[in-house]
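Input: a single structure, listed below in structure tokens.
Note that the coordinates shown come from a computational prediction; the quantities given were computed from them, not determined experimentally.
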Amino acid sequence: MKIHPLEAALLVTAGDVRLRSLVTGGFRSPSPCLPLRRSRATDSELSVSTHPLHLEWAGVPWVAAPLETNMNELLTEAIEAHGGTTRWRQLTRARATLVSGGHLFAAKGLPQDPAPREMTVFLHEEHASVRPFGAPDQKTDFTPGRVSIDKLDGRMVAEREDPRSSFSGHTLETPWDALDRAYFNGYALWTYLTTPFLLAMPGFTVTEIAPWREGDELWRGLRATFPPEIVSHSTHQDFYFGADRLLRRHDYHVDVAGGFAAAQYVYDCLEADGITLPTKRRAYRRDADGYPMLDQVMVSIDLSNIHFS
């Protein structure tokens with residue numbers, strides 16, 4: 001197979017060299033990764049130097065930009081089970097009807113009503129919105145560096161730059177204001193609707209960890225270290241997958257609420273526009289041994305009318 005030279009991100013895994021085209025704004029490609037077997041290659045046939053990476057494969061020169069080697073077997077299988085890289089790259093946003101609740105919001109002085117809302121997330125950048133929010137004609141606009149509440153006609157009601165800094169010193173009982181809640185909604189739901197695909201984004205580091213036994217099932221786990229430019233519950237988060245490689249559980253610390261440990265169980269997966277994802281999530285506090293404290297649901301999320309485009 002002859003492949004034309006191109007700017008590429010290089011990922012070396014056991015026995016393989018894979019190339020991905022580099023596109024402004026992220027690592028993307030019009031087709032899946034192209035494997036080049038190196039089973040018979042000698043050291044002289046493969047040479048790599050530092051930034052940019054210069055690769056020579058069997059006498060053919062390549063120029064490659066560096067990429068963290070965050071893809072491993074389990075992550076690759078999980079991404080495939082949830083719809084695959086090819087389909088994900090064809091999509092740019094997701095919309096869903098959201099009904100949420102749980103003790104966390106009551107503890108923050110903002111008990112959640114059961115009314116359905118529409119959530120929109122952009123899949124390849126951390127950007128999200130919820131409507132209605134606070135009033136029938138209002139919505140949120142979330143990015144890592146800014147959150148706002150806006151009228152549907154575009155007029156701004158309130159905004160906060162560097163919203164993460166407003167949570168400094170918070171405990172579980174510290175009250176939130178509306179912008180705090182909008183920020184939490186934005187990053188949390190962006191994370192959920194892009195899992196597990198976000199773990200393959202540039203900057204993430206992913207390693208396999210000890211599996212979790214749940215009843216008679218053994219769920220394999222991945223620990224992800226989030227890059228600074230992606231805001232979420234905490235820098236380190238664990239994701240557990242069943243034998244079918246679909247997500248079963250998601251563990252993290254809620255840094256914006258005093259850092260309590262959470263175990264979130266996910267259920268009722270469905271396929272929407274080629275992407276498989278859970279429609280129900282229940283988050284509990286997690287004890288020192290990793291078990292969920294089932295007496296209190298901290299956050300509940302039910303999704304319906306899910307569409308990717």
Side-chain angles (χ1 to χ4, degrees), residues 32 74-102 112-132 140 142 184-201 206 211-212 214-222 224 232-233 237-252 262-284 292 294 297-309:
L74 179 55
L75 179 55
T76 300
E77 292 175 0
I79 287 175
E80 185 64 27
H82 288 82
T85 302
T86 300
R87 181 56 179 152
W88 187 252
R89 287 171 177 156
Q90 296 168 347
L91 304 166
T92 59
R93 70 179 63 190
R95 287 191 173 90
T97 299
L98 163 74
V99 175
S100 62
Q112 181 62 57
D113 64 64
R117 290 167 169 80
E118 182 183 85
M119 183 78 195
T120 301
V121 304
F122 295 82
L123 304 181
H124 304 291
E125 60 178 307
E126 194 171 15
H127 188 186
S129 178
V130 174
R131 60 182 289 186
T140 66
F142 156 82
F184 176 84
N185 282 354
Y187 82 67
L189 288 159
W190 183 85
T191 299
Y192 303 155
L193 285 169
T194 60
T195 297
F197 301 94
L198 82 165
L199 302 181
M201 293 175 67
V206 180
W212 174 262
E214 187 78 21
D216 60 355
E217 296 185 18
L218 194 65
W219 299 343
R220 288 175 65 184
L222 290 175
S232 191
H233 292 302
Q237 302 184 34
D238 297 341
F239 300 82
Y240 294 94
F241 302 91
D244 57 5
R245 298 299 178 256
L246 294 177
L247 184 67
R248 295 291 196 277
R249 172 172 158 163
H250 178 195
D251 288 3
Y252 47 85
Q264 183 182 106
Y265 284 78
V266 305
Y267 313 91
D268 295 354
C269 286
L270 61 71
E271 183 271 328
D273 301 305
I275 300 299
T276 300
L277 73 165
T279 60
K280 297 184 184 299
R281 292 174 175 265
R282 299 293 183 268
Y284 307 92
L294 299 175
V297 178
M298 295 301 287
V299 175
S300 66
I301 296 171
D302 293 343
L303 299 178
S304 60
N305 303 319
I306 305 168
H307 297 285
F308 289 84
S309 60

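Checked by atom type and distance alone, the side chain of Trp212 never pairs as donor or acceptor with a backbone atom of Arg220 at under 3.5 Å. For Ser129 (side chain) and Thr140 (main-chain N/O), a donor-acceptor pair under 3.5 Å exists by modelled atom type. Using a distance-only test at 3.5 Å, with no hydrogens or angles considered, no donor-acceptor pair links the side chain of Thr97 to the main chain of Glu118.
Between the side chains of Glu214 and Tyr265, at least one donor N or O sits under 3.5 Å from an acceptor N or O. Using a 3.5 Å distance cut-off with no hydrogens or angles, the side chains of Ser232 and Gln237 do pair a donor with an acceptor. In summary, the side chains of Tyr192 and Gln264 do present a donor paired with an acceptor at a separation below 3.5 Å, with no hydrogens or angles considered.
The OG1 atom of Thr92 lies 11.5 Å from the CD atom of Gln90; values are rounded to the nearest 0.5 Å. Rounding to the nearest 0.5 Å places CD1 of Ile275 at 12.0 Å from SG of Cys269. Interatomic distance, NZ of Lys280 versus OH of Tyr267, reported as 10.5 Å (0.5 Å rounding). Atom-to-atom distance recorded for Asp268:CG and Thr279:OG1 is 4.5 Å, nearest 0.5 angstrom. To the nearest 0.5 Å, atoms CG (Leu75) and CZ (Phe239) are separated by 10.0 Å. Between Arg95 atom CZ and Thr120 atom OG1 the span is 4.5 Å, to the nearest 0.5 Å.
Residues Ser300 and Arg281 form no side-chain contact, since every pair of their non-hydrogen atoms from C-beta on lies 4.5 Å or further apart. For the pair Leu98 and Ile301, the minimum side-chain heavy-atom distance is below 4.5 Å. Within the 4.5 Å cutoff, side-chain heavy atoms of Val121 are placed close to those of Met119. A heavy-atom distance below 4.5 Å is not found between the side chains of Leu246 and Phe241. Contact annotation: the side chain of Glu126 approaches that of Phe142 to within less than 4.5 Å [non-hydrogen atoms, C-beta and beyond]. Taking the side chain as every heavy atom from C-beta outward, Leu277 and Leu193 approach each other to under 4.5 Å. In this structure, the side chains of Trp219 and Leu247 stay at 4.5 Å or more apart for every pair of heavy atoms. Counting only heavy atoms from C-beta outward, the side chains of His250 and Thr191 approach each other to under 4.5 Å.
Heavy-atom contacts from other residues, nucleotides or ligands closer than 6.0 Å to CZ of Arg87 number more than 12.
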- Task: Determine, stepwise, if the pair His124 / Met201 fulfils side-chain contact (heavy atoms from CB on, under 4.5 Å).
- Result: CA-CA 9 Å; His124 304 291; Met201 293 175 67; 5.9 Å; no
- Task: Take Glu77 and Ile79 through the test side-chain contact (heavy atoms from CB on, under 4.5 Å) and record every step on the way to the result.
- Result: CA-CA 6 Å; Glu77 292 175 0; Ile79 287 175; over 6 Å; no
- From CA spacing to verdict: side-chain contact (heavy atoms from CB on, under 4.5 Å), Phe308, Ile306: CA-CA 7 Å; Phe308 289 84; Ile306 305 168; 3.7 Å; yes
- In sequence, state the C-alpha distance, the side-chain angles, and the governing distance for Thr194 and Trp88, and then conclude on side-chain contact (heavy atoms from CB on, under 4.5 Å). CA-CA 9 Å; Thr194 60; Trp88 187 252; 4.1 Å; yes
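Ion pairing between Asp302 and Arg282 holds under the 4.0 Å rule for side-chain N and carboxylate O.
Pro116 and Pro132 get closest at one heavy-atom pair: O-CD, 4.4 Å. Closest approach of Ala283 and Tyr252 over heavy atoms only: CB-OH, 3.7 Å. Among all heavy-atom pairs drawn from Ala224 and Leu199, the shortest one is CB-CD2, 3.6 Å. Across Pro278 and Val266, no two heavy atoms sit closer than the pair CB-CB, 3.6 Å.
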